[in-house]
Amino acid sequence: MNRISKYATTLQKSAILLLMLAVPVCMLGQKKGESKPSAPAKSAPAHSSGGGASGGGSHGSTPTHSSTPSHSAATGHTTSTGGTRGATTGHTATTGGTRGTTTGRAATTGGTHTSATGHTATTGGTHTPATARAATSTRTGSSASASHTPPGKTVSLKGGGTASVRPNGSIRSINRNGMTIQHNVNGGRTVVSERNGARIVTSGRGGYVQRAYVVRGGRTFVSRTYVVGGVVHVGVYRSYYWGGRPYYGYYPGYWYHPGFYAWGYRPWGVGVYWGVGAWGWGGAPWWGYYGGWWNPYPVYASPAFWLTDYLIASSLQSAYAAREDAHADEMAADAQASAGGGDAAPAASNGVQLTPEVKEAIAEEVKAQLAAQQAQASAQGGGSAGAAPAPASGQVPPALDPAMRTFVVDTNVTAVGNGQECGLTGGDVLTRLTDTPDADQTVNVSVGASKKGDCPTGQTVAVKVDDLQEMYNHFQEQLNNGMGELAKKQGTGGIPAAPDTGTTASDVPPPAPDNTAAKALQDQQQAADQTETQVKQETASAGGGSQ
């Protein structure tokens with residue numbers, strides 16, 4: 001019994017010892033298993049599936065974009081280096097195919113969007129001359145971050161209004177007494193105001209005065225009287241009202257017969273040799289300055305490629321004129337250096353930057369626009385142009401049309417990328433990536449081609465929708481002018497004969513020029529000069545301002 005008693009006692013002590021050891025272990029295990037309260041997640045921009053920050057309706061099946069100041073590779077938007085964008089909620093792309101339908105980003109008809117580092121559109125994709133157009137551009141090493149807020153500070157002015165000041169102390173913009181003054185980083189000033197029902201816009205050597213014109217078939221049209229370098233011309237623009245804001249799209253004053261548009265985007269069947277001499281560019285200062293930046297086609301297989309070079313040349317001539325306005329003394333030296341040296345390497349170039357792939361994207365956009373104009377001309381001839389029209393508030397403006405992605409810059413524009421400003425000049429090529437404006441009325445674009453000193457090729461930057469719309473307007477106007485040149489040259493110089501090149505007056509013909517436009521533009525420039533003098537004095541003495 002003693003042995004049994006001693007054995008029992010030993011067992012009891014062992015059990016107590018094991019229990020004492022087990023309790024800390026359990027407590028330790030419980031402590032490890034407890035989850036700490038998670039720290040608040042950093043706010044990452046998300047692509048919302050609703051309307052844009054502008055307060056307008058959504059694009060239905062078009063991509064939507066929340067009004068956030070920047071894009072970061074975080075939840076809601078994942079990128080993979082050198083590959084397809086990750087399939088994340090909020091934004092998905094597929095390699096070389098149609099943009100995937102994901103939460104917050106719907107697929108668009110015919111749009112392709114292959115993603116590499118950051119946003120990347122497909123290289124050398126094809127625009128079908130119909131509703132299905134592919135987004136094309138050459139983009140390598142693009143950053144996924146495109147902060148829409150430029151650096152600097154905002155100063156409240158004593159007499160009312162605000163001024164945006166760059167970090168170096170220069171004035172970026174002024175908003176005062178109904179007038180907006182914008183200074184581009186590449187030079188030049190744009191002034192906009194509304195006076196007595198007219199919109200007055202001055203820039204460089206001139207500007208335009210826009211007034212309400214007519215309403216036809218439920219659509220509203222405005223007229224613009226341009227005065228540039230003393231030359232006056234009038235254009236008609238259709239009004240769009242989208243996302244709570246007005247936009248204005250170029251509307252031709254006449255239409256060619258439908259067969260001529262079809263001739264414009266179909267192959268000639270023979271190669272047409274055309275050189276700088278045939279174009280007449282050889283001795284032009286703009287060609288000496290920009291000529292090495294691109295290579296015109298040595299042979300044209302169809303009118304669309306001829307028109308592509310015509311459009312690029314037009315944009316570069318505009319860029320040269322804008323640079324001349326902004327830097328008169330510097331440009332005089334450039335012109336003297338390049339006189340008679342049309343084939344010399346230009347100062348503005350680091351070699352050819354407008355690659356064949358990007359030129360192909362422009363050419364395909366030309367074909368698509370000609371096909372659209374052919375359809376409109378057919379409707380005009382059939383008397384159905386005004387049948388069941390889309391009202392001004394019921395159709396997305398061309399600058400945001402999901403079927404249109406490629407834009408050619410027509411004049412100096414300031415963009416914002418990675419929290420810094422950079423400039424774009426005439427002839428640079430952009431691919432729009434997002435379709436819904438943010439709170440600052442900007443969308444993201446990829447720079448497909450740019451010149452020395454402009455926003456780098458491949459960068460993702462934010463550009464104002466109004467600037468994209470004016471690029472579209474210039475593209476349309478120059479395309480119309482180029483068709484006019486082809487109508488004169490067809491059947492000569494090796495260019496095949498075209499079908500009927502007759503024209504039909506538009507259902508909205510342009511009015512007579514506004515004879516008060518020149519005075520209104522002059523008065524606005526003087527008022528802007530006075531305002532700037534006052535604001536510079538105020539901002540120079542201001543010790544504060546809000547960032």
Side-chain angles (χ1 to χ4, degrees), residues 54-56 154 156-157 159-164 171-184 188-215 219-228 232-251 391-393 397-400 410-414 437 439-442 463-474 508 510-535:
S54 58
T154 300
S156 296
L157 302 174
T162 60
S164 176
I171 301 294
R172 174 186 294 109
S173 62
I174 300 170
N175 289 281
R176 191 174 201 178
N177 298 328
M179 177 185 293
T180 300
I181 303 171
Q182 178 76 41
H183 284 272
N184 293 307
R189 179 181 76 175
T190 300
V191 185
V192 182
S193 67
E194 305 280 345
R195 294 281 188 273
N196 301 319
R199 178 180 175 84
I200 306 170
V201 179
T202 54
S203 180
R205 297 175 297 159
Y208 65 84
V209 176
Q210 176 176 297
R211 297 185 184 276
Y213 183 30
V214 296
V215 177
R219 294 174 293 183
T220 301
F221 296 87
V222 300
S223 68
R224 288 182 180 178
T225 297
Y226 283 87
V227 183
V228 181
V232 180
H233 74 277
V234 182
V236 173
Y237 293 76
R238 180 191 163 183
S239 298
Y240 298 82
Y241 198 75
W242 185 263
R245 292 176 60 86
Y247 299 96
Y248 306 97
Y250 177 76
Y251 199 80
S393 59
L400 297 173
D410 65 306
T411 189
N412 287 1
V413 170
T414 297
D440 297 322
Q441 296 305 307
T442 68
V463 172
K464 289 190 176 297
V465 180
D466 284 339
D467 289 333
L468 285 182
Q469 184 65 43
E470 291 307 316
M471 293 176 204
Y472 165 84
N473 290 340
H474 186 262
V508 186
D514 180 352
N515 56 18
T516 67
K519 178 70 162 54
L521 294 171
Q522 183 180 6
D523 290 347
Q524 176 158 283
Q525 290 282 38
Q526 292 175 353
D529 290 342
Q530 183 178 1
T531 297
E532 286 216 59
T533 300
Q534 296 171 350
V535 170

S.K.: Measure from NZ or CZ of R238 to the centre of the six-membered ring of Y240 and say whether it is under 6.0 Å with the direction within 45° of the ring axis.
M.R.: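 Judged by the rule, R238 and Y240 form a cation-pi pair.
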S.K.: Can you list the residues that meet the side-chain hydrogen bond (donor to acceptor under 3.5 Å, both in side chains) rule with D514, with sequence neighbours excluded?
M.R.: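 In terms of side-chain hydrogen bond (donor to acceptor under 3.5 Å, both in side chains), with neighbours along the sequence ignored, D514 is linked to R211, T516.
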S.K.: Under the side chain to side chain contact (heavy atoms under 4.5 Å, CB included) rule, collect the residues that match up with A399, sequence neighbours excluded.
M.R.: V465, L468, Q469
S.K.: If the condition is side chain to side chain contact (heavy atoms under 4.5 Å, CB included), which residues does D529 pass it with, not counting sequence neighbours?
M.R.: R189
S.K.: Quick one: list whatever passes side-chain hydrogen bond (donor to acceptor under 3.5 Å, both in side chains) with H183, sequence neighbours left out.
M.R.: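 Residues passing side-chain hydrogen bond (donor to acceptor under 3.5 Å, both in side chains) with H183: E532.
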S.K.: Find out whether M471 and V413 are in side-chain contact, i.e. whether some heavy atom of one side chain is under 4.5 Å from a heavy atom of the other.
M.R.: yes
S.K.: Let me check something: any side-chain donor-acceptor pairs from residues 194-207 under 3.5 Å, sequence neighbours excluded? List them with distances.
M.R.:
unit_1 : atom_1 : unit_2 : atom_2 : d
E194   : OE2    : R199   : NH1    : 3.2
T202   : OG1    : Q524   : NE2    : 3.3

S.K.: Can you name the residues that form a ring pair (Phe, Tyr, Trp, His ring centres under 6.0 Å) with Y248, not counting sequence neighbours?
M.R.: none
S.K.: How would you list, by chain and number, every residue that makes a side chain to side chain contact (heavy atoms under 4.5 Å, CB included) with T442, sequence neighbours excluded?
M.R.: H148, D438, D440, A462, K464
S.K.: Between the side chain of R176 and the main-chain N/O of G160, is any donor-acceptor distance below 3.5 Å?
M.R.: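 At least one qualifying donor-acceptor pair exists.
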S.K.: My understanding is that only residues two or more places apart in sequence, or in another chain, count here; which of them pass ring pair (Phe, Tyr, Trp, His ring centres under 6.0 Å) with Y472?
M.R.: none
S.K.: Please list, chain by chain and in numerical order, all residues satisfying ring pair (Phe, Tyr, Trp, His ring centres under 6.0 Å) with Y213, sequence neighbours excluded.
M.R.: none
S.K.: Identify, with sequence neighbours excluded, every residue that meets ring pair (Phe, Tyr, Trp, His ring centres under 6.0 Å) alongside Y208.
M.R.: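 So Y208 forms a ring pair (Phe, Tyr, Trp, His ring centres under 6.0 Å) with Y226.
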S.K.: With Q530, which residues qualify under side chain to side chain contact (heavy atoms under 4.5 Å, CB included), at least two apart?
M.R.: Q534
S.K.: Sequence neighbours left out, what passes side-chain hydrogen bond (donor to acceptor under 3.5 Å, both in side chains) with T225? Give chain and number order.
M.R.: none
